[in-house]
Amino acid sequence: MSLFYNSFRNYLATADGRGLGNLLSPTNSDHNSFAFSTNHSQIRSQVQNELYGISSFRNGITDKGKNGWIDAVVAFWEVVYELERGDTGRRMGEDGDLGYWGRAYAKQSVYTTVIARGFTSHGWPNWLLPVVYTACRNLRQFAISADEEDKREGKDASKLEDCARHLNKMFTLCLADRAPMEESRKWGTYYIVNLLFKTYFKLNAITLCKNVIRALSATTTEMPPLDAFPKSHIVTFKYYVGVIHFLEEDYVTSETHLTAALQLCRRDCPTNQEHILTYLIPAHLMTTHQLPTSTLFQNYPRLKHLFGPLCRCIKSGNLGAFDAALEANEDEYVRRRIYLTLERARDIALRNLFRRVFLLGEKKTRVPVEEFRRAMGFAVAGKEGGTRKECEPEEVECLLAGMIYKGLMKGYISREKGMVVLSNKEAFPGTGV
Amino acid sequence: MAAPPPWRSGAASNGYTSVEARRSFAAPRTVGSSTTTTTAAATSPTGGGAAKTTFPDPLKQYVARTFENIAEADKKDVEIELKRIITDAFNEKVVWSINWDEMPLPQVILQKRRNSQGQQVTNSDKSPPLKSFGKFSISDTKKRKSAGDDTTITNKYTERSDKKARQQSPYTGFSDKLSQRDKEKRATRFAKELRAVTPPIERNINSTTHMDIDVAQPLVGRCMTLEKRYLRLTSAPDPDNVRPLHVLEKTLELLKKKWREEQNYAYICDQFKSLRQDLTVQHIKTEFTVSVYEIHARIALEKGDLGEYNQCQSQLANLYAEGFTGQEEEFKAYRILYLLHTCNRADMNELLAILTPTDKQHPNIQHSLQVRSALAAGNYHKFFRLYLDAPSMGGYLMDSFAGRERIAALACICRAYRPDIDIRFLTEELGFESDKECVEFLCDHGAEELIQQKVLDNGTTSIRLNTQKASPIFEQAKQNAFKKVDIKGQL
């Protein structure tokens, strides 16, 4: 029964924030005996007894801080008890109509608030930040479970939105700390921001991420430089910032952030690397028109599956197969929010097709529109496709004009002569032709 | 004090947002009004009865109107109220400046005050069991929100603020009266508007049948007129001014007919808004509701009123999500086009994510998706073919961004074609109805100087645009056109 308190005192005495965070996470440890060691009327006095003397540890825990801990441990016990008890001994209608996870979420959100208060009113030192991390992480997890539960029962699922509000409060709590840097809660900022990003993405409220970024950049003067933070915080942060810019079609900025994330990412974390590359590959394709190599794909079979077919079609300029590949993976692409970007890679496939026409014509600078039209007819039908599709000459002209306008081709169209007049050198910039 | 009219107790159902001014000082309302009546009663024998005071003519008419149509039982109360109004007016020296023609009659004011008190009674402890049950559940949720906090503290807080408010009441009395007059003024303005369209209906006839209305039940109107002007509700809806479903159904038919015959958008839009309001107030959510929103949305589209369209659209999205059937595919198709108009990539991605395979088979949705991919590929040729061939009201929606896309296409064409381009070609490619329209469009964007007539090698003449020189013009115009999109009440 006192096992929990022993470890608790131990972590507190050795200023082991991470250990304490793990201990105060209902998902990380077995808290069954702790949960059933007491009851609602006893818990407070019990905790008061067990925590006697912790303020003498001199790890920045004062008498005031101790009071915060009593509240926190009581609140934590409520969470654990709720989780362990399940539905046993529950009267109908108690706690309204909350489900199992809904109740767990309610308790955890109380606990999270108490933890926050520990920092604001009880002067907890910043080595306790890991406690905040686990509190927030579990809060988010419970919120997601509670929402799933509610959705199954056809109820409004709004716990995760509520969780986002909690996280936002925590974010300000960290960011707005005015203590000197070595004691500051600012060191927790990026961890919370990452959780907040994750939550907003899940809620499909990505625009809200912008507010967070704005708040961050408004206080950069007092912030430690980004590379002073733990790498794990930076990788995730860079990844999300990269994706946010990606979704705003700012591929250049996106690429720098994603590249930084990839370079910092642990080598033994292929899943995270895959996540980063899912956006980095299309972003790179947009900025430089470069396709990933097969060596890259060898290391990431899932990415090969995702992008492989599309890349082959882009390379060969096979428009029909490109469209088919895009359609075949449409759901997956849309889910990852890369569909609208990948769709634009058709331009590059088209450029490659026109380039082949140019090369087949032995680089003659005057190419009849008709030749491009015929090439498109073949390309749209695809390799396997039986009947060649006729394209209207105006449409081909329109696409050619688009190529020239976007700088993928150099030259001009002379409509009266039905000719495309290509530049003498670098007719297809960046392709060595 | 007479009991509030029975339907009022039900008025607190949540079909509207009650905008009651000065809620924070609300506590003294009962106290305040009773003191004003007593002072009025006290001053009237000396001030009001004196022969030397002269009344302005409009006031005399006002008094006459007051007693014109009055029940014997109400007479006493009305008299007191009238005296109060007049003495107040004298005390504040506004008796000559007040527009007595606009002033609400004493019985109206009394009625209103009773209503507001009626609402307070429902909030107090004397309320019938059903309501008190509701009240308990409210305080329960409050408790849950501030979980962990000491509830006694919050109780103390409210008590203190109550006391504060009561203490203030004697001092705020004057400003209260003023605002009371303002409120009445506004009320008359609304009342007049309403009277203009709905003939007054005897209140007491139906009221007995609605004796047993309770909070849980939405209000049912009993206004029988088909047409009604739209007014934004600021208080509990009056059943006399709300049309029940069977009347609304006739209203819709009438409006459809009128729209076909008269095409008066200002009138139709107003009528539809009041129709929608009556539906909302009565919590009517049926297929009929769907069709009202759909028809209004289509009419708004026809007139290019994207703001109104978007309001309907968002309501429709909710209604479809709740399982009411209508032309869901048609409106999904519009939504795609609307998102193209607003250049909203994020929402477009979400919308694509929820389109089902069956949706994608629908001709309207297919059309919209093709429009989308044509725009994404910069394929203006295909875009304007689709523009001219849009099903249902899609073309009207595309009108809103066709101009912008024309500019974008011209920027592209001017860069790619040398040395010039036939106007005929532009007319065809950019979906203009005639060369004249095309030239006008070019001139509107400052390319007037660059249009010339030219004799070609084969002897034919054609009107041509100098592309090289026009290129920077349209490039600039394109930048401006895409800089800001008016999103009008975005979802």
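- Residues of residues 373-380 of chain B lying under 4.5 angstrom from chain A, judged on non-hydrogen atoms, are B/S373, B/A376, B/A377, B/G378, B/N379, B/Y380 in numerical order.
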Inset, instruction - Begin with the C-alpha distance, continue with both residues' side-chain angles, and end with the deciding distance and a verdict on salt bridge (charged side-chain N to carboxylate O under 4.0 Å, His left out) for A/E327 and B/K360. - result: CA-CA 12 Å; A/E327 204 185 314; B/K360 288 179 194 164; over 6 Å; no
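- The number of heavy-atom neighbours closer than 6.0 Å to CD of B/E433, taken from other residues, nucleotides and ligands shown, is 12 or below.
- Both the backbone and the side chain of A/R337 come within contact range of chain B, with heavy atoms under 4.5 Å apart.
- Both the backbone and the side chain of A/E394 have a heavy atom closer than 4.5 Å to some heavy atom of chain B.
- Here the straight-line distance linking atom CZ of B/R372 with atom CD of A/E343 works out to 4.0 Å at 0.5 Å rounding.
- More than 12 heavy atoms of other residues, nucleotides or ligands lie within 6.0 Å of NZ in A/K155, so this atom counts as buried by the packing criterion.
- A/L247 has its side chain out of reach of B/N349: every pair of non-hydrogen atoms, C-beta onward, lies at least 4.5 Å apart.
- Among all heavy-atom pairs drawn from B/L352 and A/L340, the shortest one is CD1-CD2, 3.9 Å.
- We find the CD-CD distance between B/E429 and A/E397 to be 7.5 Å, quoted to the nearest 0.5 Å.
- Contact annotation: the side chain of B/D422 never approaches that of A/R415 to less than 4.5 Å [non-hydrogen atoms, C-beta and beyond].
- The local environment of NZ in A/K210 is sparse, with at most 12 non-hydrogen atoms from other residues, nucleotides or ligands closer than 6.0 Å.
- Between A/Y412 and B/Q468, every side-chain heavy-atom pair lies at or beyond the 4.5 Å cut-off.
- Residue contact with chain B, scored on non-hydrogen atoms closer than 4.5 Å, involves the side chain of A/E416 exclusively.
- Residue B/E475 holds its CD atom at 3.5 Å from OH of A/Y405, rounded to the nearest 0.5 Å.
- Annotation: residues 406-418 of chain B contacts chain A through B/A411, B/C412, B/R415, B/A416, B/Y417, B/R418 [non-hydrogen atoms, separation under 4.5 Å].
- Within the 4.5 angstrom heavy-atom criterion, no atom of B/L355 approaches chain A.
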